[in-house]
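Both ligands and their constituent atoms are indexed starting at 1 by order of listing. Computation of the quantities below employed the complete heavy-atom set of this structure, encompassing side-chain atoms and omitting hydrogens, waters and symmetry-equivalent molecules. Model, not experiment: these values are computed from the prediction.
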Amino acid sequence: MTALADLLARRRSRRDFAATPLGLDELTGLLWAAQGSTGDGHRTSPSAHARHPLSVCAVTGHTGIQWYETETGALRPGDPRDHRDAVARASLADEAWLGTAPALLVLGGDLAAARAAFAEQPPAGVRGERYLWLEAGHASQNVYLWATAKGLGAVLVAGFDDERLRALPVVPDGHDPLAILAVGHPANP
Ligand SMILES: Cc1cc2nc3c(=O)[nH]c(=O)nc-3n(C[C@H](O)[C@H](O)[C@H](O)COP(=O)(O)O)c2cc1C
């Protein structure tokens with residue numbers, strides 16, 4: 001089996017996390033998989049018209065919120081508080097376990113700007129938004145596969161209360177929350 005086929009076959013949603021924080025290299029590796037630069041003007045994820053409109057931050061317990069800077073691969077500090085429980089409470093299901101994940105990666109994007117950018121493409125006013133959701137899906141699968149390759153756990157949580165999540169400093173002003181990816185070391189590897 002090829003390496004990629006093996007990763008695809010082993011990819012699973014994991015919701016059991018050890019308390020151990022992710023190391024910086026582990027965290028930046030996951031973020032690079034989501035939206036990293038490949039050094040040639042492109043990124044690890046495809047993007048309609050190469051607009052690359054996604055924002056990505058990591059919400060952790062010990063370092064607060066950190067924004068991923070695609071150009072440099074560096075982390076820019078945001079709000080220093082631990083917002084994991086607040087993000088967990090914004091999810092639709094009873095997902096207290098979400099708050100126990102060492103890191104929550106939050107993908108965001110400006111839905112109105114995406115609709116406007118592709119307003120000339122039918123169906124009018126809808127196409128650009130679809131592209132944004134698809135891009136969040138691509139980035140999410142990249143995180144799943146990277147986590148699988150590195151022996152980490154990951155799960156996409158897309159059921160959440162938009163307003164509650166938007167009220168937290170986990171998406172830039174004007175961005176809508178698109179996806180949460182809980183990541184960490186599995187409790188039961
Ligand atoms: C669009 C989408 C939304 C999801 N939302 C949630 C969610 O809100 N909470 C959750 O625990 N899992 C969520 N998942 C993960 C699914 O439950 C999981 O992929 C499914 O059970 C199949 O398991 P597998 O990923 O291990 O193959 C979501 C997956 C997708 C693709």
_Please report whether the ring centroid of F118 lies less than 6.0 Å from that of H49._
yes

Measure and list all N/O to N/O distances between ligand 1 and the protein that fall under 3.5 angstrom.
| from | atom 1 | to | atom 2 | distance (Å) |
| --- | --- | --- | --- | --- |
| ligand 1 | 5 (N) | A158 | N | 3.2 |
| ligand 1 | 8 (O) | A158 | N | 3.4 |
| ligand 1 | 8 (O) | G159 | N | 3.1 |
| ligand 1 | 9 (N) | E95 | OE2 | 3.0 |
| ligand 1 | 11 (O) | R15 | NE | 2.9 |
| ligand 1 | 11 (O) | R15 | NH2 | 3.3 |
| ligand 1 | 11 (O) | E95 | OE2 | 3.4 |
| ligand 1 | 12 (N) | R15 | NH2 | 3.2 |
| ligand 1 | 12 (N) | L156 | O | 3.3 |
| ligand 1 | 14 (N) | L156 | O | 2.9 |
| ligand 1 | 17 (O) | R15 | NH2 | 3.1 |
| ligand 1 | 19 (O) | S13 | OG | 3.3 |
| ligand 1 | 25 (O) | R11 | NH1 | 2.9 |
| ligand 1 | 25 (O) | R11 | NH2 | 3.4 |
| ligand 1 | 25 (O) | S13 | OG | 2.6 |
| ligand 1 | 26 (O) | S13 | N | 2.7 |
| ligand 1 | 27 (O) | R11 | NH2 | 2.9 |

Can you see whether [X] engages [Y] through a side-chain donor-acceptor pair at a distance of less than 3.5 angstrom?
{"X": "T63", "Y": "Q66", "answer": "yes"}
{"X": "S47", "Y": "E135", "answer": "yes"}
{"X": "T20", "Y": "H185", "answer": "no"}

- Query: Could R164 and D162 be called an ion pair, given the rule that one side-chain N must be under 4.0 Å from one carboxylate O?
  - Reply: no

Note to self: I'd like to know if the side chain of T148 and the backbone of L7 have a donor-acceptor N/O pair within less than 3.5 Å.
What the structure shows: no

